[in-house]
There are 2 protein chains.
Amino acid sequence: MQRPRLYEQVAGQITEWIASNDIRSGDRLPPERELATQLGVSRATISQALVALEVVGAVVVRHGDGAIVTDVAGTPRIVEAIRAHANRLPEIIDARDALESKIAALAAQRRTDEHLARIDAALDAMEADVLAGGRGVEGDELFHAAVTAAAASDLLSKMMQEISELVLETRIESLGQPGRPRESLADHRRIADAIRAADPAAAARAMHDHVMRVSDVAILHDDE
Amino acid sequence: MQRPRLYEQVAGQITEWIASNDIRSGDRLPPERELATQLGVSRATISQALVALEVVGAVVVRHGDGAIVTDVAGTPRIVEAIRAHANRLPEIIDARDALESKIAALAAQRRTDEHLARIDAALDAMEADVLAGGRGVEGDELFHAAVTAAAASDLLSKMMQEISELVLETRIESLGQPGRPRESLADHRRIADAIRAADPAAAARAMHDHVMRVSDVAILHDDE
DNA sequence: ATTGACCTATTGGCTAGGCCACTGAACCAC
DNA sequence: GTGGTTCAGTGGCCTAGCCAATAGGTCAAT
């Protein structure tokens, strides 16, 4: 039924070429004309493929210079590498603190009414769950996702996504402690208030405190 | 400086057209040939724009039939998404600030004498280069690498490595400004002093100030 | 009247070839 | 050295055209 579009194949071939030739970020792709003859397609098709790769963020094409590789799709390796690490929790906390504090600050500067609504919705869901005796894990995730969206930084968002798996583990552990969900809810309220008040410094501080509180439990749990 | 790519404009115009004409999911766009004459561009460019819109999931193009609109809700964001790469400089700054400020703070807590020696060596190299009229790019890189090492966090270190290529661009641009290398050297001294004094807050602040100073130049350079 | 095969206009897919604009580096004049 | 200038390489975009898939009509067979 659906014939594969040529530019898709070409984009795939270029991606493979990047992977198999150990290309690193910043390296240049061969010229369009060369790619065209080498892959047996027209330059227009190469151009389409590059548009697709550009929209995805894999390359950036510069007039008069060439197509530069930006994203080496090597991101999954990081999570694996950390996973292999035995005492990884402190590192996750550090990274989370670095990213989320900044994200909270940016969110305080850039949040729109829609973002605030989404954040409130997450808080409501969390509160309902906690009052019902739950841990509020889902609301927690929604909240952090909403804040990250409000920060409006693809790069930071991407990095958070990278460590999201690892964070999830600590989140579940932390919220398993008695009394934790209620404290956590209060933390989140403080963060939300600072974001609503458009106070970057307060938002960053509140997020930092929150992450650190999680860290206490995590480290306790790490001793065994 | 950054010329807007034609296909981006076209994609934007098509998106606007979709929004303003109350197009719903499933409706068909005008034929490529018509769009081409109407927007005053070639069919090849229309095709590129459609590829971009297809990649972001706004439309699906069917051979012999036409381009069908799939996503009405997300249309306003599409142009943003496509243009995201154009001005990614601010994003790089944000990410760098988030990571390096934390790294500096951790370095202040964890630095050993060896780390301090390595940091000093980088400063010396930078000073020598700057006094000789150079930009001190190498020393700059060595310094940040040394601080990152002192922070002793594999995860943060790997994340910095991911954006290192992007950071390098801004670094070179920034240090190309007159008077920049000297200011930069002073910045680095302040950071090193805070790390030596084992003062995490001061180190983070100094690093933050430094990154922000770079950002000013970068944004200036981004204007046209 | 319904069905099925077959045209045909319309539309996207892709190519070929060409000119223009931008970049970077080598070169030259000062 | 410093600052223009030139030039080769590269992407941006266009024109023109043919091929391939789809939809919708026509028309014969049932």
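Just so we're on the same page: letters track the sequence lines, and every chain starts at 1.
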Q: In whole angstroms, how far is the C1' atom of D:dG24 from the CZ atom of B:R28?
A: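 Checked: the CZ to C1' distance equals 12 Å.
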Q: Would one find a side-chain N or O of A:S47 under 4.0 angstrom from OP1 or OP2 of D:dG11?
A: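 Answer no for this pair, as no side-chain N or O of A:S47 is under 4.0 Å from OP1 or OP2.
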Q: Using atom CZ of A:R62 as one end and atom C1' of D:dT10 as the other, report the distance to the nearest whole Å.
A: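 Checked: the CZ to C1' distance equals 12 Å.
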Q: All N/O contacts under 3.5 Å from nucleotides 3-7 of chain D to the protein, with atom names and distances to one decimal?
A:
none

Q: Between D:dC13, C:dG24, D:dG11, which nucleotide has the shortest distance from any of its atoms to the side chain of A:D65?
A: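 Looking only at heavy atoms from C-beta outward on A:D65, the closest nucleotide is C:dG24.
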Q: Sequence neighbours left out, what passes salt bridge (charged side-chain N to carboxylate O under 4.0 Å, His left out) with A:R43? Give chain and number order.
A: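 Counting only residues at least two positions away or on another chain, A:R43 forms a salt bridge (charged side-chain N to carboxylate O under 4.0 Å, His left out) with A:E32.
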Q: Which residues pass the salt bridge (charged side-chain N to carboxylate O under 4.0 Å, His left out) test with A:R205, sequence neighbours left out?
A: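 By the salt bridge (charged side-chain N to carboxylate O under 4.0 Å, His left out) rule, A:R205 matches no residue at all.
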Q: Counting only side-chain N and O atoms of B:R5, is one of them less than 4.0 Å from OP1 or OP2 of D:dG12?
A: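 So the side chain of B:R5 is within the cut-off, an N or O lying under 4.0 Å from OP1 or OP2 of D:dG12.
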Q: Between D:dC14, C:dG18, D:dA20, which one does the side chain of B:H63 approach most closely?
A: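 Comparing D:dC14, C:dG18, D:dA20 against the side chain of B:H63, the answer is D:dA20.
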Q: Between P on C:dC20 and CG on B:L6, what's the gap in Å once rounded to a whole number?
A: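 About 17 Å, once rounded to whole Å.
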Q: Specify the residue among B:T45 and B:R33 whose closest nucleotide of DNA chain D lies further upstream toward the 5′ end.
A: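 Counting from the 5' end, the first nearest nucleotide belongs to B:T45.
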Q: Run the side-chain hydrogen bond (donor to acceptor under 3.5 Å, both in side chains) test against A:S47 and tell me which residues pass, sequence neighbours left out.
A: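 By the side-chain hydrogen bond (donor to acceptor under 3.5 Å, both in side chains) rule, A:S47 matches B:Q48.
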Q: Heavy atoms from C-beta onward define the side chain here; which of C:dG12, C:dT15, D:dG12 lies closest to that of A:R43?
A: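 Of C:dG12, C:dT15, D:dG12, D:dG12 is nearest to the side chain of A:R43.
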Q: Between D:dG11, C:dG12, D:dC14, spot the one nearest the side chain of B:V61, thanks.
A: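 Selected nucleotide (nearest to the side chain): C:dG12.
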Q: Expressed as a whole number of angstroms, how long is the span from A:E34:CD to D:dG11:C1'?
A: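 Result: 14 Å.
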Q: Using a cut-off of 4.0 Å on non-hydrogen atoms, how would the nucleic acid contact of A:A44 be classed: base, sugar-phosphate, or nothing?
A: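 A:A44: base contact, heavy atoms under 4.0 Å.
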Q: In terms of side-chain heavy atoms of A:V41, which of D:dG11, C:dG12, C:dT15 is nearest?
A: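 For the A:V41 side chain, the nearest candidate turns out to be C:dT15.
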Q: Send over the distance from A:I46 CD1 to D:dG11 P, rounded to a whole Å.
A: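 A:I46 atom CD1 is separated from D:dG11 atom P by 10 Å.
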Q: I'd like to check A:R5 versus B:V61 (side-chain heavy atoms, cut-off strictly below 4.5 Å). Are they in contact?
A: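 Yes, side chains in contact.
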Q: Name the closest nucleotide to the A:S42 side chain, picking from D:dG11, C:dT15, D:dC13.
A: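 The answer is C:dT15, which lies nearest to the side chain.
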Q: Which whole-number value in Å describes the distance from A:Y7 OH to C:dG13 P?
A: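 Rounding to the nearest Å, OH of A:Y7 and P of C:dG13 are 9 Å apart.
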Q: Within the 4.5 Å heavy-atom criterion, are B:T15 and B:L53 side-chain neighbours or not?
A: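 The answer is yes; the side chains approach within 4.5 Å.
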Q: Say you draw a straight line from CZ of A:R96 to NE2 of A:H210; how long is it, rounded to the nearest 0.5 Å?
A: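 Going from the CZ atom of A:R96 to the NE2 atom of A:H210 covers 5.0 Å.
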Q: My understanding is that only residues two or more places apart in sequence, or in another chain, count here; which of them pass side-chain hydrogen bond (donor to acceptor under 3.5 Å, both in side chains) with B:T37?
A: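 Residues passing side-chain hydrogen bond (donor to acceptor under 3.5 Å, both in side chains) with B:T37: none at all.
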Q: With nearest nucleotide decided by heavy atoms, which residue, A:G66 or B:G64, maps closer to the 5′ end of DNA chain D?
A: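 So the residue in question is A:G66.
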Q: Can you list the residues that meet the side-chain contact (heavy atoms from CB on, under 4.5 Å) rule with A:R196, with sequence neighbours excluded?
A: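 Residues passing side-chain contact (heavy atoms from CB on, under 4.5 Å) with A:R196: A:L116, A:D120.
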Q: Could you give the CD1-to-P distance, from A:I68 to C:dT23, as a whole number of Å?
A: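 So the CD1-P distance, A:I68 to C:dT23, works out to 12 Å.
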Q: CG of B:L35 versus P of C:dG13: gap in Å, rounded?
A: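 After rounding, the reported distance stands at 13 Å.
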Q: Would you mind telling me which of D:dC13, C:dG12, D:dG11 lies closest to the side-chain atoms of A:E32?
A: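 Shortest atom-to-atom distance from the side chain points to D:dG11.
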